[in-house]
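Have a look at the structure below before the remarks.
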Amino acid sequence: ACQVGRGELEAETFGKVCQAMAEGLAETYRELYEADETPLQFQNLWCYPCWDSYLQKLTQWMELFCQRLDQEFADYESKQKIRDAVEYIRENFRAPINMAMVSNHVSMNYSLFSVFFKQYTGTNFVSFLQTLRLEEAQRLLRETDLRVSEISARAAFSGEKHFSKVFKAAMGVSPSDWRRLDHMKEG
């Protein structure tokens with residue numbers, strides 16, 4: 001703009017630079033802005049009463065857009081941490097783990113982790129972990145002849161009594177009855 005004012009650059013050339021800049025922003029970031037706030041509104045420098053007006057509107061738009069971009073990256077980082085946490089849980093659910101251990105593993109605040117975990121998985125941490133452990137217990141009941149107490153331990157339940165109670169609440173039958181019914185289906 002200063003070069004235009006000093007006669008070093010033609011106004012038309014500067015207008016084309018502004019148009020190219022707006023088109024570049026629109027193309028590069030098209031998935032991150034709403035249709036009514038497209039940077040293409042800054043294509044035509046001549047639609048503004050003066051350079052200061054154009055620059056002020058462009059600056060306001062860019063500041064808001066940059067804030068949103070920062071939020072998108074923060075959300076992406078949080079989602080990546082939750083993906084890492086889910087993977088960690090899937091690999092370690094047979095061990096005595098809890099939410100504090102997992103949130104520390106992914107370097108995330110405990111409370112924030114709880115909120116993002118529920119958003120990402122659709123369930124809370126305890127339910128997610130319990131589901132994995134119940135699925136493992138079902139697999140062991142189906143594929144092995146292990147006693148219920150051994151299955152309880154291998155699926156990381158705190159004890160056979162607790163395991164039986166949780167299993168019956170989730171499946172409607174005791175682990176032993178589930179095994180028997182499952183084997184009857186196969187036969």
Side-chain angles (χ1 to χ4, degrees), residues 21-40 60-144 146 148-175 178-179 181-182 185-186:
M21 178 202 62
E23 289 171 356
L25 284 170
E27 178 61 27
T28 303
Y29 299 108
R30 71 180 169 274
E31 294 177 13
L32 295 174
Y33 57 80
E34 305 295 327
D36 61 334
E37 63 170 358
T38 174
L40 291 175
Q60 287 172 350
W61 181 85
M62 289 189 83
E63 285 174 354
L64 289 172
F65 184 74
C66 286
Q67 287 173 4
R68 186 138 113 245
L69 203 54
D70 287 344
Q71 184 61 46
E72 288 287 330
F73 282 122
D75 286 350
Y76 174 79
E77 184 178 307
S78 295
K79 286 176 185 171
Q80 187 58 49
K81 285 183 176 187
I82 298 300
R83 279 188 209 104
D84 292 347
V86 167
E87 184 179 327
Y88 178 80
I89 295 165
R90 288 187 189 281
E91 291 172 0
N92 296 285
F93 72 89
R94 292 172 193 90
I97 61 173
N98 59 43
M99 193 165 76
M101 293 167 64
V102 178
S103 65
N104 284 337
H105 177 76
V106 295
S107 303
M108 195 172 203
N109 170 282
Y110 183 87
S111 299
L112 192 60
F113 177 85
S114 178
V115 170
F116 276 107
F117 189 87
K118 177 135 186 178
Q119 283 178 351
Y120 183 80
T121 64
T123 189
N124 66 40
F125 177 85
V126 172
S127 295
F128 185 84
L129 183 60
Q130 184 172 295
T131 298
L132 290 175
R133 289 176 172 169
L134 285 169
E135 288 171 357
E136 177 68 357
Q138 287 176 299
R139 185 188 71 76
L140 292 169
L141 286 165
R142 181 181 298 116
E143 297 175 6
T144 72
L146 294 172
V148 171
S149 61
E150 292 174 275
I151 290 172
S152 169
R154 287 191 183 193
F157 283 91
S158 59
E160 183 179 354
K161 189 174 183 179
H162 173 70
F163 167 61
S164 293
K165 181 180 175 184
V166 170
F167 192 93
K168 187 167 185 171
M171 307 307 295
V173 293
S174 71
W178 188 91
R179 175 183 265 164
L181 292 169
D182 187 62
K185 282 193 268 182
E186 292 176 5

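This structure is a prediction, so every number in the text was calculated from the model and none was measured. Computation of the quantities below employed the complete heavy-atom set of this structure, encompassing side-chain atoms and omitting hydrogens, waters and symmetry-equivalent molecules.
- For the pair Arg179 (side chain) and Leu141 (backbone), a donor-acceptor distance under 3.5 Å is present.
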* From CA spacing to verdict: side-chain hydrogen bond (donor to acceptor under 3.5 Å, both in side chains), Gln130, Arg133 -> CA-CA 5 Å; Gln130 184 172 295; Arg133 289 176 172 169; over 6 Å; no
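- Looking only at distances, a side-chain donor or acceptor of Thr144 sits under 3.5 Å from a matching main-chain atom of Leu140.
- A distance-only check finds a donor-acceptor pair linking the side chain of Ser164 to the backbone of Glu160 [under 3.5 Å].
- Closest of all the heavy-atom pairs between Ala170 and Leu134 is CB-CD1, 3.6 Å.
- In plain terms, the two heavy atoms of Thr123 and Phe117 that are nearest each other are O-CD2, 3.7 Å.
- Using a 4.5 Å heavy-atom cutoff, the side chains of Gln138 and Met171 are in contact.
- Panel note: side chain Ser103, backbone Asn109; no donor-acceptor pair is recorded below 3.5 Å.
- Between Phe167 and Phe157, the distance from one ring center to the other does not fall under 6.0 angstrom.
- Nearest heavy atoms, Val106 versus Ala85: CG1-N, 3.7 Å.
- For the pair Arg94 and Glu136, the salt-bridge criterion is met [side-chain N within less than 4.0 Å of a carboxylate O].
- When side chains are defined from C-beta on, Lys168 does not count as touching Val173, because their heavy atoms never get closer than 4.5 Å.
- Atoms CG and NZ, on Leu112 and Lys81 in that order, are 8.5 Å from each other to the nearest 0.5 Å.
- With a 4.5 Å cut-off on side-chain heavy atoms, Asn98 and Met101 count as touching.
- Proximity of a side-chain donor or acceptor of Asp182 to a complementary backbone N or O of Trp178 within less than 3.5 Å is not detected.
- The ring of Phe116 has its center no closer than 6.0 angstrom to the ring center of Tyr120.
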